[in-house]
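It should be emphasised that the depicted structure is a prediction, and the values quoted were computed from it without experimental measurement.
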Amino acid sequence: MTSSLAAEQQSPTGPTFGSGGPQHHLLTVLAGKMISATVCTLAQVGVADHLADGPRPVAELAAATQTDPGMLYRFLRAAASVGIFAELPDGRFELTGTGEYLRSDVPGSLRHLAWLYGEESIWNCFGYAVETLRTGEPAGPKVRDGKGWFEYMEERPVVAEVFHRAMTGTSNMAAQVADSYDFSRFSFIADIGGGQGRLLAAILGKNPGARGLLFDQASAIDGAAEVLAKHDVADRAELVVGDFFVEITPGPDAYLLKAILHDWDDDDCVAILRNIRTALGDKSEGRVFIVEAVVPDGNDWHFSKAMDIAMGVSLGSKERNLRDWRELLAASGFELVDTTKTMPPHWIIEARPI
């Protein structure tokens, strides 16, 4: 493997917001829910956007965000305690370097992702986590009136917009994926479930001899033409509306799946991958590239271990370790070839047809 999973950057064993013994450490971990809710709420009302030009008094921020000044101060104080904002001696608040990523207009913005994490149905799934733990079944359908996440979004345009903006907000990830792997040997590259096309645009931009295909549902792909044109690759990319559970367009010699398979259980993932295998046909040198987290072994903190719980309680899906990926690919007619580290917590998982 070109980038050993064993060499993945290690992180502390857990969040540390202060010093203290084991009991204090546990209290800190338990407070994570409260801090997360605080940051998600501040992201929803857009406080960071109103601090883009510098520090402001709480009263001004409250007027701009239509919030209660006293309560807003308490939310900002809590967020400042973990380095998202900073309270100045005169009582004004300002953004920190970390808080900058809660702005809507910065590259790599996480504002809409934070908003999404606090969305009512996603958040409420954790209230039924004990049922998921006992039964293995997600709580998502229960809190969404029996609907799956994507069906639920179709009925809620605001939620759908937040979701799609969250997925495209980390646009710097597309550039890092394109920089992390040399795709130059492929002449026709498809991004399956590629949404607005930022990843495809980044890869085509680095590989001027390649053509591209962007495949997704109509609601997700809307606006992609503008993104591709902005990156001067529209003349080399075609847009295809489709359902990857039904059929995937044949022709490309490389297929990309970025942050798609963790939304689905193993059976659904096998169905998607088998459709790609069918689309590849007899292209023995064809490839599928899966851009996802690879859950590391051991006891160290890793974002994928927490996200795995979120996926389990909400969607009934999961994050996967290297063994899981090997088994999933083998069941779909592929063999894992290599893994290449890209923007954390993601890896590029390369597989060939067998």
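Listed for the Arg236 side chain is a donor-acceptor partner under 3.5 Å among the backbone atoms of Ala210. In terms of modelled atom types and a separation under 3.5 Å, the side chain of Ser36 and the main chain of Gly32 share no donor-acceptor contact. In this structure, Asp216 contributes its side chain and Ile221 its backbone to no donor-acceptor pair below 3.5 Å. No donor-acceptor pair under 3.5 Å is formed between the side chain of Asp191 and the backbone N or O of Leu214. One N or O on the side chain of Asp253 and one on the backbone of Phe188 form a donor-acceptor pair closer than 3.5 Å. A donor-acceptor contact shorter than 3.5 Å is absent between the side chain of Asp222 and the backbone of Ser219. Not one N or O on the side chain of Ser314 forms a donor-acceptor pair closer than 3.5 Å with the backbone of Gly140. Here the side chain of Glu292 pairs a donor or acceptor atom with the backbone of His262 at under 3.5 angstrom. For Lys305 (side chain) and Asp300 (main-chain N/O), a donor-acceptor pair under 3.5 Å exists by modelled atom type. Within the 3.5 Å criterion, the main-chain N or O of Phe334 finds no donor-acceptor partner in the side chain of Ser332.
For the pair Lys283 and Pro353, the tightest heavy-atom approach, listed with the atom from each and the gap, is O-CG, 3.4 Å. Nearest heavy atom pair, residue Phe75 against residue Thr38, reads O-CG2, 3.3 Å. Shortest non-hydrogen contact noted between Leu228 and Gly197 is CD2-O, 3.9 Å. Among all heavy-atom pairs drawn from Arg103 and Ala48, the shortest one is CG-O, 3.6 Å. Between Ala279 and Thr249 the shortest heavy-atom distance is CB-O, 3.9 Å. When all heavy atoms of Thr340 and Ser180 are compared, the pair lying nearest together is CG2-O, 3.5 Å.
The aromatic rings of Trp264 and Phe150 lie parallel to each other, with less than 30° between the two planes, well short of the 60° mark. Using cut-offs of 30° and 60° on the angle between ring planes, the pair Phe186 and Phe183 is tilted.
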> How far apart are the C-alpha atoms of Leu76 and Leu61, what are their side-chain angles, what is the distance that settles it, and do they pass the side-chain contact (heavy atoms from CB on, under 4.5 Å) test?
Replying inline: CA-CA 10 Å; Leu76 288 168; Leu61 290 172; 4.0 Å; yes
> Is there a side-chain contact (heavy atoms from CB on, under 4.5 Å) between Ile272 and Leu261 once you walk through the steps?
Replying inline: CA-CA 8 Å; Ile272 296 167; Leu261 298 184; 4.1 Å; yes
> Run the side-chain contact (heavy atoms from CB on, under 4.5 Å) check on Val313 and Tyr128 step by step: do they pass?
Replying inline: CA-CA 8 Å; Val313 299; Tyr128 299 92; over 6 Å; no
>> Show, in sequence, the C-alpha distance, side-chain angles and deciding distance for Ile260 and Phe244, and conclude whether the side-chain contact (heavy atoms from CB on, under 4.5 Å) test is met.
In response: CA-CA 11 Å; Ile260 298 295; Phe244 50 47; 3.9 Å; yes
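Considering only heavy atoms from C-beta on, Arg323 stays 4.5 Å or farther from Arg326 through its side chain. When side chains are defined from C-beta on, Ile84 does not count as touching Leu42, because their heavy atoms never get closer than 4.5 Å. Trp325 is not listed as a side-chain neighbour of Trp347, based on a closest heavy-atom distance of 4.5 Å or more. Residues Asp266 and Lys318 have side chains in contact (heavy-atom distance under 4.5 Å, counting atoms from C-beta outward). In this structure, Val47 and Leu72 have side chains that are in contact, with non-hydrogen atoms separated by less than 4.5 Å. The closest side-chain heavy-atom distance from Val143 to Cys125 is below 4.5 Å. Residues Ile309 and Thr132 are not in side-chain contact: their nearest non-hydrogen atoms beyond the backbone lie 4.5 Å or more apart. Ser304 has its side chain out of reach of Val294: every pair of non-hydrogen atoms, C-beta onward, lies at least 4.5 Å apart.
Environment of CD in Glu120: sparse, with no more than 12 heavy atoms of neighbouring residues, nucleotides or ligands closer than 6.0 Å. Shown here is Gln217, whose CD atom has no more than 12 heavy atoms of other residues, nucleotides or ligands within 6.0 Å. Counting non-hydrogen atoms of neighbouring residues, nucleotides and ligands closer than 6.0 angstrom, the CG atom of Asp53 reaches no more than 12 such neighbours. No more than 12 heavy atoms of other residues, nucleotides or ligands lie within 6.0 Å of CD in Glu226, so this atom counts as exposed by the packing criterion. Around the CD atom of Glu247, the shell of radius 6.0 Å holds no more than 12 heavy atoms that belong to other residues, nucleotides or ligands.
Val241 and Val227 are not part of a single hydrophobic cluster, where members link through side-chain heavy atoms under 4.5 Å apart. Phe85 and Met71 fall within the same hydrophobic cluster, where Ile, Leu, Val, Met, Phe, Trp and Tyr residues are linked whenever their side-chain heavy atoms come under 4.5 Å apart, directly or through other members. Under the 4.5 Å side-chain heavy-atom criterion for Ile, Leu, Val, Met, Phe, Trp and Tyr, Ile290 and Phe245 are members of the same hydrophobic cluster. Side-chain heavy atoms closer than 4.5 Å link hydrophobic residues (I, L, V, M, F, W, Y) into clusters, and following such links, even through other members, never connects Leu102 to Trp123. Linking Ile, Leu, Val, Met, Phe, Trp and Tyr whenever their side-chain heavy atoms come within less than 4.5 Å puts Phe303 and Leu322 in one cluster.
Between the CZ atom in Arg287 and the CD1 atom in Ile348 there is a gap of 14.0 Å [rounded to 0.5 Å]. Going from atom CD of Glu94 over to atom OG1 of Thr96 covers 8.5 Å, rounded to the nearest 0.5 Å. Rounded to the nearest 0.5 Å, atoms CD (Glu151) and CZ (Arg156) are 9.5 Å apart. Between atom CE of residue Met343 and atom CE of residue Met173 there is a gap of 6.5 Å, rounded to the nearest 0.5 Å. Rounding to the nearest 0.5 Å gives a distance of 11.5 Å between OG1 of Thr339 and OH of Tyr181. Summarising the geometry, atom CD1 belonging to Ile349 is positioned 10.5 Å from atom CG belonging to Leu257; distances are rounded to the nearest 0.5 Å.
Among the candidates Arg144, Lys147, Glu119, the single residue satisfying the side-chain hydrogen bond (donor to acceptor under 3.5 Å, both in side chains) test with Tyr152 is Glu119. Under the side chain to side chain contact (heavy atoms under 4.5 Å, CB included) rule, Val159 has a single partner from Glu154, His164, Met153, which is Met153.
With salt bridges taken as basic N to acidic carboxylate O contacts below 4.0 Å, none links Arg185 and Glu285.
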